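Every value quoted in this text rests on a predicted model; they were computed, and no experiment measured them.
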Amino acid sequence: MKKILFIGHDANRAGAQLVLLQMLRMLRQRGVPTHLLLCGDGPLEPEYRQLTGVTKLPQPVTRLFGWRIDKVLYLLRIGQWLHRREEEKRRKAFEEEIKSVGADLVLINTVTCSKGYRDIAPWVSGLPAVLFAHELEMAVRMYTQPDNLRFTLDRSRHLIAVSKAVARYYSEAYGFDPGRISTFQLIDIPNLLAKIEQARALPDVLAQHGVPADAVVIGGCGNAEWRKGNDLFNVIAEQVISRYPDRPVYFVWVGMPRSPLYEDLHLDLRKAGLTAQVLLIEPTPEVFRYTSRFDIFALCSREDPYPLVALEAALSETPVVCFEKAGGAPELVEEDGGFVVPYLDTVAMADSIGKLIDDETLRRTMGRQLRRKVLERHSSEQSMDQFLSIVDQQTTTASRYAT
């Protein structure tokens, strides 16, 4: 059985990281050996460690003995030497740990991991590399350096894209051979369905926030950043709520940590008089307790390659409203799983949400259709078979060239 060395950029509770967690879970169920090089911290790290061995990138040396002693040592010019020696010691231990993994293939989970891959490339140069690309142009610009990404693309024998939009981007923008690109999403659907059912069996968590049981809840979910359109979520909320002065219509975003962005968005809500009906919930491991309560999912992202949150909404039979030209979601939503509206047209999105608020039958019909498409198009077993076929093909080819 071939062993896969995964590279993950951090352990935050976000789409690509959660997909990685699900991949590791599915591979363990099939008895496939894995190891994870984790380039950053985050709350998912304990869950990763339950499924596989984890190696962390060595951290910079910030202290030798203590600030008082260190100050004296640096003044005596001994500290600099000790500092270099300690960093070299950590680097050597890291190198030995990576080499001892005994991997047959490197899976680079997101282009954000390009620097991590480049750091270990001299030690895994003989191994085939597969890039699992989740990012489009905005994320590439925000989270990678051009030379690191070029380095990784040039050494990746195969690219897995989470959507047609992603596949097209790397082919057109970087000249990656379309014949070496596969398009699919690896998600553990049985596990997600179980979490949704478990969440629905618990008391309504939104009641704790003053949301009435008969409220129509429009949800959003994801890391808070400009790319995800949190500001647009507020604008759309105002446009929708103002149309229903006599109905309990609520907007709930899950994944908003207390930060300067939170303060800015909350200030907008206070000025608009919407703090009671627009809730900004911090990141939580109980995310399904919120999302399974959503009646409509508003995907306000300016860019989202193929968001896991939209797939989770679909499995909850929640119709999705999204922007065209913003990633892969329109490929799933189409005309029967919600609405695809012109890019950044918040009025059109508010209109579409209004149609779903007014027509409960339409909501249910579109939600069921969206779920059906996910189950038909994203079979966990078929996707894993396809993934392992790629692993087998790449490792077999590598072995043939090595001999």
Residues, nucleotides or ligands: over 12 heavy atoms within 6.0 Å of E335 CD: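 No, because the 6.0 Å sphere around CD of E335 holds 12 heavy atoms or fewer from other groups.
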Expected output: side-chain [X] to main-chain [Y] donor-acceptor under 3.5 Å:
X: Q386; Y: F184; answer: no
X: K3; Y: H35; answer: no
X: E135; Y: V111; answer: yes
X: E303; Y: A139; answer: yes
X: Q277; Y: V249; answer: yes
X: S380; Y: I187; answer: yes
X: R180; Y: S156; answer: yes
X: R293; Y: G219; answer: no
X: Q145; Y: K115; answer: no
X: R363; Y: D359; answer: no

If we only count heavy atoms from C-beta on, is the [X] to [Y] side-chain gap below 4.5 Å?
X: Q22; Y: L186; value: no
X: P43; Y: N12; value: yes
X: V124; Y: Y117; value: yes

Any donor-acceptor N or O pair under 3.5 Å, side chains D295, Y250: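 Note: D295 and Y250 side chains miss the donor-acceptor criterion.
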Donor on one side chain, acceptor on other, T52 and T34, under 3.5 Å: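 On atom types as modelled, these side chains qualify, holding a pair under 3.5 Å.
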Salt bridge (Lys or Arg N to Asp or Glu O under 4.0 Å) between R91 and E95, intermediate numbers included: CA-CA 6 Å; R91 184 72 179 175; E95 177 183 348; over 6 Å; no
Close aromatic pair by centroid cut-off 6.0 Å: H134 and Y143: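 When the ring centroids of H134 and Y143 are compared, they turn out to be at least 6.0 Å apart.
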Ring centroid separation W123 to F94 under 6.0 Å: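 Judged by ring-centre distance (under 6.0 Å), W123 and F94 do meet the cut-off.
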Measuring from atom [atom1] of [X] to atom [atom2] of [Y], what distance do you get when rounded to the nearest 0.5 angstrom?
X: L57; Y: L38; atom1: CG; atom2: CG; answer: 8.0 Å
X: D147; Y: T144; atom1: CG; atom2: OG1; answer: 9.0 Å
X: T291; Y: I196; atom1: OG1; atom2: CD1; answer: 6.5 Å
X: F132; Y: I390; atom1: CZ; atom2: CD1; answer: 9.5 Å

Worked verdict on L20 versus Q17 for side chain to side chain contact (heavy atoms under 4.5 Å, CB included): CA-CA 5 Å; L20 173 59; Q17 297 91 322; 5.5 Å; no
SB check [X] [Y] (cutoff 4.0 Å):
X: R302; Y: D231; result: yes
X: R377; Y: E334; result: yes
X: D385; Y: R30; result: yes
X: R141; Y: E137; result: yes
X: D392; Y: K2; result: no
X: R13; Y: E47; result: yes

Geometric class of the Y343/F323 ring pair [parallel <30°, tilted 30-60°, perpendicular >60°]: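 F323 and Y343: perpendicular rings.
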Worked check of side chain to side chain donor-acceptor pair (under 3.5 Å) between Y174 and D154: CA-CA 10 Å; Y174 293 96; D154 288 346; over 6 Å; no
Check against side chain to side chain donor-acceptor pair (under 3.5 Å), E97 and T55: CA-CA 8 Å; E97 189 170 355; T55 298; 2.9 Å; yes
Minimum heavy-atom distance M142-E225, with the two atoms named: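 Minimum heavy-atom contact is CE-OE2, 3.5 Å.
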Which atom of L136 lies closest to which atom of A165, heavy atoms considered: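 Minimum heavy-atom separation between L136 and A165: CD2-O, 3.8 Å.
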Among N109, T112, T110, side chain to side chain donor-acceptor pair (under 3.5 Å) partner for H9: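 Looking at N109, T112, T110, the match for H9 under the side chain to side chain donor-acceptor pair (under 3.5 Å) is T110.
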